[in-house]
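Labels below follow one simple rule: chain letters A, B, ... track the order of the sequence lines, proteins then strands, and each chain is numbered from 1.
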There are 2 protein chains.
Amino acid sequence: MTSNISIIGKRLKEARVHAGLSQERLGILAGIDEFSASARMNQYERGKHEPGMEIMKRIAEKLHRPISYFYEVDDDLAHLIEIYGGLDQQRKEKLLAIAVELHGNQSE
Amino acid sequence: MTSNISIIGKRLKEARVHAGLSQERLGILAGIDEFSASARMNQYERGKHEPGMEIMKRIAEKLHRPISYFYEVDDDLAHLIEIYGGLDQQRKEKLLAIAVELHGNQSE
DNA sequence: CGGAAGACTAAGGAATACTTAGTGTTCGGT
DNA sequence: ACCGAACACTAAGTATTCCTTAGTCTTCCG
């Protein structure tokens, strides 16, 4: 069992397992034809093929993560993105405001 | 002149113009062959074709943004990602800690 | 064991991206 | 206004990658 080669595969697996879905089921939920869902999702997860953005958007929805999560290579940033996606609107705004402020007083 | 159809195109253009680069120059910097750099970058920016993740990584580097920035559809989150990318390590950690905390006291 | 469920793969046909060879467009200089 | 340069943009064909099909392999549990 070799380690994951692609970032998309790594993120996909983490989020799918967390959601308690099989590769095939997730693919079907995302609108992939039932006869190819298993193969396609496996190819994405193993890094054999890269999904297009349209299907990736639908997968992200079903896994309750922002789409950018699946493309981020930095684990800390991926984590930040994941958390942001789970916040309510008020806290999203607050977090963004804090980020802007942190950025501001870095420049001077 | 119609508006941008793809998210990648929109983010790409914003970041490229901000960096003061031409489509061709950016493509060459990202390692694309000089004879096709202009066409390819234009196709990405107009949403005609989708770049693979490898080339997208190199483009992101040259534009000093995290790769996830180019895939995020939510403008606020894209902004957060952009800011995070520009912070020093200490502030990155601080921001992530704040996010974790915000997430924590949301649950109870 | 036998069956079911999930993970995974090779191979070929289908779809998409990349290269080539240009045409538009904009703008500064004379 | 004209010219040239730089940049933006595009059609079309070839090259490359993905999607579908048709399975195998593995694990688990009755």
Rounded to whole Å, how long is the line connecting atom CG of N42(A) with atom P of dT24(D)? 17 Å
Step through the shown structure and confirm whether more than 12 heavy atoms of other residues, nucleotides or ligands are within 6.0 Å of CZ on R25(B). no
With Y69(B) as reference, evaluate E14(B), H79(B), R11(B) under the side chain to side chain donor-acceptor pair (under 3.5 Å) test and give the passing residue. E14(B)
How many whole angstroms separate atom CE of M41(B) from atom C1' of dT19(C)? 16 Å
Once you round it to whole Å, what is the distance between P of dA7(C) and NZ of K48(A)? 18 Å
Of all the nucleotides listed (dC8(C), dG6(C), dA8(D)), which has the minimum atom distance to the side chain of R16(B)? dA8(D)
Presence of donor-acceptor pair under 3.5 Å, side chain of S38(A) and base of dC8(C): yes
Considering only heavy atoms from C-beta outward, does the side chain of I67(B) approach that of D74(A) to under 4.5 Å? no
Let me know the distance between CE of M56(A) and P of dC19(D), rounded to the nearest Å. 12 Å
Give S22(B) one of three labels, base, sugar-phosphate or nothing, depending on what nucleic acid heavy atoms sit under 4.0 Å from its own. sugar-phosphate
Would you indicate which nucleotide in dC18(D), dA7(C), dT21(D) comes nearest to any side-chain atom of F35(A)? dT21(D)
Distance test, side-chain N/O of Y44(A) to OP1/OP2 of dC19(D), below 4.0 Å: yes
More than 12 heavy atoms of other groups within 6.0 Å of Q89(B) CD: yes
Q43(A) side-chain proximity, nearest of dT20(C), dA11(C), dA8(D): dA11(C)
Nearest-Å distance for atom pair CE/P, residues M53(A) and dT16(C): 16 Å
Regarding E72(A) and S68(B), is there a side-chain donor-to-acceptor distance under 3.5 Å anywhere? yes
Measuring to OP1 and OP2 of dT10(D), would you say a side-chain N or O of R46(B) lies under 4.0 angstrom away? yes
For I8(B) and dT16(C), give me the distance from atom CD1 to atom C1', rounded to whole Å. 14 Å
Most 5' of L21(A) and G52(B) on DNA chain C, judged by nearest nucleotide: L21(A)
Could you give the CD-to-P distance, from E24(B) to dG22(C), as a whole number of Å? 17 Å
Could you check how far CD of E34(B) sits from P of dT20(C), rounded to whole Å? 11 Å
Among the candidates dT20(C), dT21(D), dA17(C), find the nucleotide nearest to the side-chain atoms of A39(B). dT20(C)
dA15(C) OP1/OP2 closer than 4.0 Å to side-chain N/O of R40(A): no
